[in-house]
Structures are given as structure tokens and as C-alpha cells.
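Presented below is the structure to which this report refers.
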Amino acid sequence: MQTRGFSFSPPANEGMNISELLRAETSPDEETRGLAENSSSPTLCVRLLIVAAALLPSSIAVLLLLMPDFRSPAAIAMALPVLCLFLLAIFTVIFIAQYRALLDRIRSRNYTLHQDKVITLLLEDFAAGSKDWLWEADHGGELVYLSGRLSELTGHAQEQLLGRRLQAISGYPAHIRPWQDIQDRMDAREEIREMEVPVKVNKQRRWWQLSARPVYSAAGDFLGYRGVGRDVTDAHRAKAALVLAKDSAERASHSKSQFLNVMSHELRTPLNAIIGFSEIMANEREGPLGVRTYADYARNIVESSRHLQRVINNILDASRIDTSTFKLQEQEIDVAELAQVVVRNGRQLADEAGVALLSDYASVRAEISGDLVRLRQILDNLLINAVKFTPAQGKVEFIVRDEVDGGLSFVIRDTGIGIAKKDLERVFEPFVQADVGMNRKFAGTGLGLPIARKLAEAHGGKVKLESTPNVGTIATFTLPSARVIREAGAAPIAEAVAAA
């Protein structure tokens with residue numbers, strides 16, 4: 001693997017190429033890294049011994065010249081062995097010190113060679129076991145180091161790639177947007193984070209993801225970039241496929257909305273005529289039908305037509321609520337009046353089903369801000385559901401209550417068949433009912449609860465269910481305090497609760 005690093009020698013590990021950086025980070029300590037430098041010259045102790053060895057004979061010679069007592073043959077005979085032994089000891093210490101220094105140099109050189117092998121193996125293992133590749137560029141953007149993986153991807157030897165820019169290797173002009181963005185960041189000395197750029201490999205378009213950071217010397221001079229790259233062609237194509245699928249789904253949704261709008265108009269026009277004429281026939285406004293059974297048939301036609309009309313309206317509402325064109329028609333609404341209308345509309349259905357409908361809303365004195373039609377639709381759907389799933393002789397309660405935080409809740413409690421815990425969230429999915437199967441007892445499209453929840457969320461509120469099978473269900477529609485307008489002088493709910 002060929003490596004050519006930056007031409008500078010900063011302290012520590014700044015400015016090193018990748019192999020040098022790894023070697024510096026894996027070295028055990030500063031002492032080991034400095035053995036070669038420190039052992040290349042004699043230590044202070046060795047130097048002092050050499051000076052002492054040089055000065056000792058001179059000192060003895062001076063003593064012999066200046067002091068007569070030391071000129072005698074006996075003194076000289078005694079001084080010479082001592083001097084020889086002393087010099088021998090000094091040279092022995094110097095030899096041992098130099099020998100240890102030599103061993104340290106050999107050990108340091110062996111350690112460096114070992115580190116080179118380790119770094120080489122690390123880089124080779126990285127190249128063999130990873131799809132990523134390392135690269136390093138100088139201050140001019142030209143490659144000074146690259147992994148073997150990049151050579152494999154491009155089909156060119158490392159010698160052919162070194163000294164060239166990545167953009168020049170890509171096969172695309174520098175002015176196209178992705179590569180121009182890379183160059184702009186490099187010119188501004190900014191970090192490059194997972195930027196995708198196109199390349200041509202074997203005449204096929206592929207995509208690389210580049211990440212890098214600028215490298216500076218200890219003096220603050222810009223030296224170049226060091227980073228990592230990878231081939232992300234598969235991920236890029238998958239992302240493009242998702243974008244196409246999303247666009248296709250949006251177009252299909254738009255087409256569906258257009259289809260529903262057109263079909264609603266085409267269905268509603270004859271349906272209104274059927275309802276109108278069947279009501280005239282059922283009420284015999286133009287005269288008796290002659291046969292009583294015909295009047296019953298006309299009433300059945302009216303009832304079935306109105307049911308079909310509700311189904312069409314629910315389907316249209318379900319498709320419109322999720323679009324940006326859906327908007328609330330805001331106004332201030334008296335809570336008691338709204339509750340009265342909802343209960344009155346639900347009482348006929350309850351009487352027909354043999355279900356007792358009780359209500360408690362007179363004590364609430366407040367107004368709410370919202371869309372009157374949509375609020376009625378929420379409460380109608382919840383009340384109709386409660387009546388529909390409550391057997392004869394059962395009971396449904398419609399209650400309005402204040403909340404401690406200043407909000408307002410509409411509570412509809414029934415003694416119906418209930419909902420299993422696993423189905424409590426499923427019933428809020430479009431076209432889903434807890435009572436499923438070809439022989440289910442209760443008709444409906446399964447859009448009432450999903451529409452109620454979405455309309456509640458559009459008002460900033462929420463709809464939740466609590467239920468026990470064969471015991472009953474409690475449906476609660478809560479509006480936030482921001483939509484509740486209290487009468488002037490009324491105490492806050494929290495204070496009223498505390499006083500109670």
C-alpha cells in the first residue's frame with residue numbers, strides 16, 4: 001500500500017498521514033517513542049565520567065610536579081595502580097552505559113518496525129473488511145493518500161490516482177451541483193458531512209458518499225483534508241425509488257380525491273331525487289297510494305337512501321380531512337344548545353332500538369370555539385355508535401362536564417356489547433369494526449370513529465375509548481381550555497374544585 005503524507009513535521013500527531021496517525025495513537029507512551037532520540041548521544045552521567053577520566057591524570061601530574069612528597073618512587077608506585085584501577089572502572093561504566101544505549105536503540109528500532117507492520121495490517125484489514133475507503137488531500141485538493149478500495153472501485157492503480165483530485169477521478173465536470181458543493185466547502189475550509197456525489201465507473205453512473213475534515217498544522221496553517229468515502233449507489237437508488245413511490249402515491253391520492261368529488265356529485269344528484277320523491281310518496285302528499293304496503297316501501301326507500309347518503313358523506317369526509325384543503329369554519333357555539341341538538345337527533349334512533357337515552361348538560365354554562373357542523377358530526381358519530389351497539393333495554397348517557405385544566409369533555413357512556421382491549425385502537429382505523437365477519441350483526445362502514453378522532457384533533461382535542469366486553473363503553477371527546485369560553489365572572493375550574 002503506497003503512502004505519501006504531507007511535507008511538514010508538526011509536533012504531536014498533527015499533520016500526519018493516516019498510517020503515521022495510527023502509529024502515534026497506538027504507541028504506548030512518550031518515553032518509548034523518544035528512545036531513539038535520547039539514546040543517540042551520551043547521557044549526562046556518561047559525559048561526567050568521560051570528563052573525570054580526562055581530568056584525573058592531569059590532576060595527578062600536577063600533584064607530582066607541585067608537591068615533592070608525591071615524587072618519591074614509593075608514592076608513584078602506589079598512585080599508578082590506583083590510577084589504572086580508577087580509569088578501568090570509569091571506562092567499564094562508560095562501556096556499560098553505551099552498551100545499554102545501543103540496546104535501547106535496537107529495541108526502539110524493532111518497536112518502530114513492529115508498529116509499521118501493525119499499521120500496515122490494520123489498513124489492509126480495514127480495506128479488506130470494509131466498503132469504505134480512506135483518502136487524504138493536500139491544500140490544493142490533490143490526493144496524497146488513498147486506500148486500495150478506491151483503486152478497486154475505479155479500476156486504476158494507486159499511482160495513477162495520486163496527485164489527482166477526486167472530482168477529476170469521478171468523470172463528471174466540476175461545475176455540476178454536488179461536486180461544486182464539495183469544492184465550495186473545501187474552499188471555505190468547512191467540514192464535509194456525508195455528501196453524495198455522482199461518478200462514472202465502467203460507463204455506469206454510481207454514487208459516492210464523502211466525509212472529511214480540514215487538517216491544520218500547529219501554527220494554524222491549512223494543510224488539506226483527511227476523510228472517508230463509500231459507494232452508496234444501492235442506497236441512493238432505493239431513496240430515489242422511495243421518492244418516486246411517494247410521488248406516485250400522492251398522484252394516486254389526488255386522483256382518488258378528484259374521483260370521489262366527481263362521483264359524489266354524480267351520486268348525490270339522483271340520490272336527492274330518490275329521497276325527495278320517496279318522502280312525498282311515503283307521506284302521500286299528492287294523494288293516497290291506494291295500497292298501504294306501497295307507503296311502507298316508500299319509507300324503506302327513504303331510510304335506505306339516507307343511509308347511503310351518510311355512507312357517501314363519510315367516505316368524502318375521510319378523504320378530505322387528510323388534505324391541505326380541509327379547513328374549519330370557526331364560530332362561537334353555546335355548549336348547552338349543541339348538546340340539546342345532538343341528544344334530540346339521537347333520541348329517535350334510541351327509541352327505535354329500545355334504548356334509554358339520558359342526558360346531563362344543563363349545569364355547564366360556557367361557549368366553545370369551533371366548527372359547528374364538524375363538532376355535531378363528532379358527537380353524532382359517538383352517540384350513534386353507542387346506541388347501535390347497545391342491546392334493547394340498555395342505557396346510553398350523554399354527559400357534558402368541566403375539566404380541572406379548564407377544558408370541556410363530552411362523555412357518552414353505554415351498557416352495550418363493549419370492545420376488547422386489543423381492538424380499542426383498531427376501531428380508529430378506517431373501515432375497521434370490532435364486529436367483523438360476513439355475519440356481523442351491526443351494519444356500517446367503520447368510518448365513524450376515525451372521522452370523529454381526526455375532527456377532534458383538528459380542533460386540538462382528542463377522542464378516547466374505555467371499554468369492557470359485555471359491560472359497556474365510555475367514549476370521551478375532550479376540547480382544550482383554549483377553545484372554551486367561560487361566562488364573565490365565573491371562577492376557574494381548578495379554583496372551584498379546590499373550594500369544593
Side-chain angles (χ1 to χ4, degrees), residues 1-10 13-26 115-174 176 178-187 189-217 221-236:
M1 181 175 296
Q2 183 170 351
T3 304
R4 187 171 54 144
F6 296 125
S7 56
F8 62 91
S9 300
N13 60 3
E14 289 194 25
M16 299 179 181
N17 62 30
I18 294 170
S19 60
E20 292 170 340
L21 180 64
L22 287 174
R23 182 183 299 113
E25 292 179 349
T26 54
Q115 287 295 94
D116 287 339
K117 292 180 181 179
V118 170
I119 299 307
T120 301
L121 289 174
L122 284 175
L123 293 175
E124 289 177 353
D125 289 344
F126 176 84
S130 173
K131 293 183 179 180
D132 297 350
W133 40 273
L134 305 174
W135 61 278
E136 190 174 313
D138 60 14
H139 63 277
E142 297 178 351
L143 290 174
V144 294
Y145 174 86
L146 55 94
S147 296
R149 177 69 65 183
L150 182 57
S151 297
E152 296 177 9
L153 290 175
T154 58
H156 297 289
Q158 290 181 333
E159 294 77 8
Q160 297 175 320
L161 301 178
L162 291 172
R164 301 177 64 186
R165 292 171 173 262
L166 282 173
Q167 176 272 323
I169 297 173
S170 72
Y172 279 87
I176 66 170
W179 282 108
Q180 185 62 49
D181 291 342
I182 292 279
Q183 188 59 47
D184 291 343
R185 283 187 173 273
M186 295 181 75
D187 291 341
R189 310 293 189 254
E190 296 177 353
E191 187 174 355
I192 300 171
R193 289 178 176 265
E194 298 181 352
M195 298 185 67
E196 295 184 2
V197 290
V199 294
K200 286 183 181 177
V201 178
N202 298 327
K203 299 182 179 180
Q204 293 183 351
R205 185 176 186 178
R206 302 190 68 83
W207 290 86
W208 288 350
Q209 184 185 85
L210 301 178
S211 298
R213 63 180 181 86
V215 180
Y216 295 89
S217 68
D221 298 327
F222 174 69
L223 302 172
Y225 272 85
R226 180 182 298 130
V228 64
R230 67 173 59 181
D231 189 305
V232 292
T233 304
D234 294 339
H236 187 87

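Values reported hereafter were calculated over all heavy atoms of this structure, with side chains retained and with hydrogens, waters and symmetry mates removed.
- Distance check, rounded to the nearest 0.5 Å: CH2 of W135 to CG of L161 gives 13.5 Å.
- Residues V197 and S170 have side chains not in contact (no heavy-atom distance under 4.5 Å, counting atoms from C-beta outward).
- Scanning both residues, G171 and K200, for their nearest heavy atoms gives O-CD, 4.0 Å.
- Between E190 and Y225 the shortest heavy-atom distance is O-OH, 2.7 Å.
- Taken to the nearest 0.5 Å, the CG atom of L210 stands 12.0 Å off from the CZ atom of R185.
- Atoms CG and CD, on L162 and E136 in that order, are 10.5 Å from each other to the nearest 0.5 Å.
- Atom CD in E194 sits 7.5 Å away from atom CZ in R230 (nearest 0.5 Å).
- Distance CE/M186 to CG/L166: 7.5 Å, rounded to 0.5 Å.
- Using a 4.5 Å cut-off on side-chain heavy atoms (C-beta onward), D231 and W208 make contact.
- Residues meeting the side-chain contact (heavy atoms from CB on, under 4.5 Å) test with E196, sequence neighbours left out: W207, Q209, V232, H236, K239.
- In R193, the CZ atom is not crowded: 12 or fewer heavy atoms of neighbouring residues, nucleotides or ligands sit closer than 6.0 Å.
- Within the 4.5 Å cutoff, the side chain of R164 has no heavy atoms near those of the L143 side chain.
- Of the possible polar contacts, one joining the Q167 side chain to the Y172 backbone as a donor-acceptor pair under 3.5 Å is found.
- The ring pair (Phe, Tyr, Trp, His ring centres under 6.0 Å) test applied to W179 returns no partner, not counting sequence neighbours.
- For the pair I176 and P198, the tightest heavy-atom approach, listed with the atom from each and the gap, is CD1-CG, 3.7 Å.
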Does the salt bridge (Lys or Arg N to Asp or Glu O under 4.0 Å) test come out yes or no for R213 and E191, once each step is laid out? CA-CA 5 Å; R213 63 180 181 86; E191 187 174 355; over 6 Å; no
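- Between R226 and Y145, every side-chain heavy-atom pair lies at or beyond the 4.5 Å cut-off.
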